[in-house]
Engineer: 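Before I ask anything, let me first share the structure, which is written out below as structure tokens.
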2 protein chains.
Amino acid sequence: MQITRETDYAIRCVLYLVENPGKVIMVDSIAQDKDIPKSFLSKILQKLTRADIVSSFRGMKGGFKLSKNPDQISLLTVIEAIEGPVTINRCALDENICSLSNSCTVHPVWVALRGKLESWLSQHTFEGLTAKDK
Amino acid sequence: MQITRETDYAIRCVLYLVENPGKVIMVDSIAQDKDIPKSFLSKILQKLTRADIVSSFRGMKGGFKLSKNPDQISLLTVIEAIEGPVTINRCALDENICSLSNSCTVHPVWVALRGKLESWLSQHTFEGLTAKDK
DNA sequence: CATAAACGAGACTAATTTAGTCCTAATTAA
DNA sequence: TTAATTAGGACTAAATTAGTCTCGTTTATG
Ligand code: FES
Ligand code: FES
């Protein structure tokens, strides 16, 4: 029951961009500061771009910057951009996956947990994550 | 962010034993009723036995039964028996795993989240899971 | 006490996912 | 024009997941 390393990297990466508001930052800078393999980070940034969490600029002086305000980006946003939906158990996403879903008494519990988790994760935005006070 | 199939099987399996209180049940019966590959289930029941969630009886008329009351077994109990501790992020378990843990502002969030999850999972016991009313 | 019916343990395997790398193409500031 | 930068796809290695199989041990029972 863990997030993947890729997701962890993605979150650190967004964090770096939040810490440098407005600037267009190169992959290399993020990779070095946040200790992430550069070519892997490249792939991650592509996913974040497609999810419209960051926007990219090609060519010389290119790089990445956030495409939203930090308070519009939550942990859930980033997790879903990288891993897809948070499911807890396969059948909490798609009923048909499990042969027992109509008789299974745990099923509603997974569905409920999934809801809770999603709500917890979306309450933590990147605005809250950099606030020095609190 | 999912439990494994093995864990799902383990939970179904405990559920079956809860539904048949007192009886000593063979691997084969559980496997058939809950649609789990028999030899895989065998391994799972070994883990559950070591975790003292079920007790086993060898030889003719052998099998398994719960070794606790259903209200003493939670989802967390079973998940931990199969997968080990629930961590959310690797570094929420062991600080040393991450090079950035002292400066990282997400860290405390993972730790808090882990606590929430554990508490939620341990509140759902197998007594609650079979109650037909709610 | 022989035997058949169970579980226990460990070695093994196949499939899938994770965690990357690498190369070529497209863009763009200067 | 060119050097710097991302985009995309193919590829690979390692780890984890999801099992199987064989052989050994235990035990109720005729
Ligand atoms: S069918 Fe969904 S948890 Fe059992
Ligand atoms: S070091 Fe623990 S989450 Fe960043």
Side-chain angles (χ1 to χ4, degrees), chain A residues 1-13 17 23-32 34-67 79 81-87 89-90 97-98, chain B residues 1-13 17 23-32 34-67 79 81-87 89-90 97-98:
Chain A
M1 188 95 88
Q2 284 202 175
I3 59 169
T4 63
R5 196 169 304 204
E6 186 182 15
T7 305
D8 185 43
Y9 290 160
I11 289 168
R12 290 193 212 174
C13 165
L17 296 174
K23 297 187 201 156
V24 171
I25 314 259
M26 292 183 303
V27 176
D28 224 15
S29 315
I30 308 175
Q32 280 180 37
K34 293 296 185 183
D35 200 17
I36 304 171
K38 182 181 170 182
S39 51
F40 195 23
L41 179 57
S42 230
K43 289 290 161 197
I44 293 170
L45 277 160
Q46 283 177 33
K47 288 191 190 177
L48 294 176
T49 304
R50 287 188 213 106
D52 196 35
I53 293 168
V54 305
S55 27
S56 71
F57 303 90
R58 297 169 75 159
M60 252 180 133
K61 303 229 166 174
F64 299 86
K65 70 177 185 52
L66 289 186
S67 54
I79 292 176
I82 304 294
E83 307 189 352
V86 165
T87 50
N89 193 351
R90 306 185 324 298
I97 229 165
C98 176
Chain B
M1 188 92 88
Q2 285 203 176
I3 59 169
T4 63
R5 196 169 304 203
E6 187 182 15
T7 304
D8 185 41
Y9 289 160
I11 288 167
R12 288 194 213 175
C13 166
L17 295 174
K23 298 187 202 158
V24 171
I25 314 260
M26 294 182 303
V27 176
D28 225 14
S29 314
I30 308 175
Q32 282 181 34
K34 293 297 185 183
D35 200 16
I36 305 170
K38 182 182 169 180
S39 52
F40 195 24
L41 179 56
S42 231
K43 289 291 159 196
I44 293 170
L45 277 160
Q46 283 177 33
K47 288 192 190 177
L48 294 176
T49 304
R50 286 189 214 104
D52 197 34
I53 293 168
V54 304
S55 26
S56 71
F57 302 90
R58 297 170 74 161
M60 252 181 133
K61 303 226 167 176
F64 299 86
K65 71 179 184 50
L66 290 186
S67 55
I79 292 175
I82 303 295
E83 306 190 353
V86 166
T87 51
N89 193 352
R90 308 187 321 299
I97 230 164
C98 177

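Letters A, B, ... mirror the listed sequences (proteins, then strands); counts begin at 1.
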Engineer: Using the side-chain heavy atoms of B:Arg5, tell me which of these nucleotides is nearest: D:dG19, D:dT6, D:dT20.
Structural biologist: D:dG19
Engineer: In terms of side-chain heavy atoms of B:Arg58, which of D:dT6, C:dG8, D:dT29 is nearest?
Structural biologist: C:dG8
Engineer: Rounded to whole Å, please give me the gap between CD1 in A:Ile82 and P in C:dA19.
Structural biologist: 12 Å
Engineer: It should be established whether A:Lys61 places a side-chain nitrogen or oxygen under 4.0 Å from OP1 or OP2 of nucleotide C:dT28.
Structural biologist: no
Engineer: With the side chain of B:Lys43 defined as its heavy atoms from C-beta on, choose the nearest nucleotide among D:dC21, D:dA7, D:dT27.
Structural biologist: D:dC21
Engineer: Between the side chain of A:Glu83 and the main-chain N/O of B:Met1, is any donor-acceptor distance below 3.5 Å?
Structural biologist: yes
Engineer: Look at B:Ser56 and C:dG8 and indicate whether a side-chain polar atom (N or O) is within less than 4.0 Å of OP1 or OP2.
Structural biologist: yes
Engineer: For D:dA18, take OP1 and OP2 only and decide whether either is under 4.0 Å from a side-chain N or O of B:Tyr9.
Structural biologist: no
Engineer: Any Lys/Arg nitrogen of B:Glu6 or B:Lys47 sitting under 4.0 Å from an Asp/Glu carboxylate oxygen of the other?
Structural biologist: yes
Engineer: Nearest 0.5 angstrom please: B:Phe64 CZ to B:Ile25 CD1, how far?
Structural biologist: 11.5 Å
Engineer: Compare the minimum distances between each of C:dA9, D:dG19, C:dA26 and the side chain of B:Phe40, then state the nucleotide with the smallest one.
Structural biologist: D:dG19
Engineer: Just how far is it from atom CD1 of B:Ile3 to atom CZ of A:Arg90, taken to the nearest 0.5 Å?
Structural biologist: 8.0 Å
Engineer: Rounded to the nearest Å, what distance is computed from the CD1 atom of residue B:Ile44 to the C1' atom of nucleotide C:dA9?
Structural biologist: 16 Å
Engineer: Rounded to the nearest angstrom, tell me the gap between atom CD1 in A:Ile3 and atom P in C:dA19.
Structural biologist: 10 Å
Engineer: What distance separates A:Ser67 OG from A:Leu48 CG, expressed to the nearest 0.5 Å?
Structural biologist: 9.5 Å
Engineer: What is the distance from CG of B:Asp8 to C1' of D:dG19, rounded to the nearest Å?
Structural biologist: 15 Å
Engineer: Between B:Leu45 and A:Thr7, just flag the one whose closest nucleotide in DNA chain C comes earlier from the 5' side.
Structural biologist: B:Leu45
Engineer: To the nearest angstrom, how far is A:Lys47 atom NZ from D:dG9 atom P?
Structural biologist: 13 Å
Engineer: Does C:dG8 have OP1 or OP2 sitting under 4.0 Å from an N or O in the side chain of B:Arg50?
Structural biologist: no
Engineer: Within the structure provided, determine whether A:Val54 and A:Lys65 are in side-chain contact (heavy-atom separation under 4.5 Å).
Structural biologist: no
Engineer: For B:Thr4, which contact category applies under a 4.0 Å heavy-atom criterion: base, sugar-phosphate, or nothing?
Structural biologist: sugar-phosphate
Engineer: Looking for any heavy atom pair under 4.0 Å, which part of the strands does A:Gln46 touch: base, sugar-phosphate only, or nothing?
Structural biologist: base
Engineer: Counting only side-chain heavy atoms from C-beta out, which of C:dA9, C:dC7, D:dT6 sits nearest to A:Phe64?
Structural biologist: D:dT6
Engineer: Just how far, in rounded Å, is C1' of C:dC7 from CG of B:Leu48?
Structural biologist: 14 Å
Engineer: Nearest to the side chain of B:Ser39, which nucleotide is it out of C:dA5, D:dT20, D:dT6?
Structural biologist: D:dT20
Engineer: Which whole-number value in Å describes the distance from B:Lys38 NZ to C:dG8 P?
Structural biologist: 12 Å
Engineer: For A:Phe57 and D:dA3, what is the distance between atoms CZ and P respectively, to the nearest whole Å?
Structural biologist: 25 Å
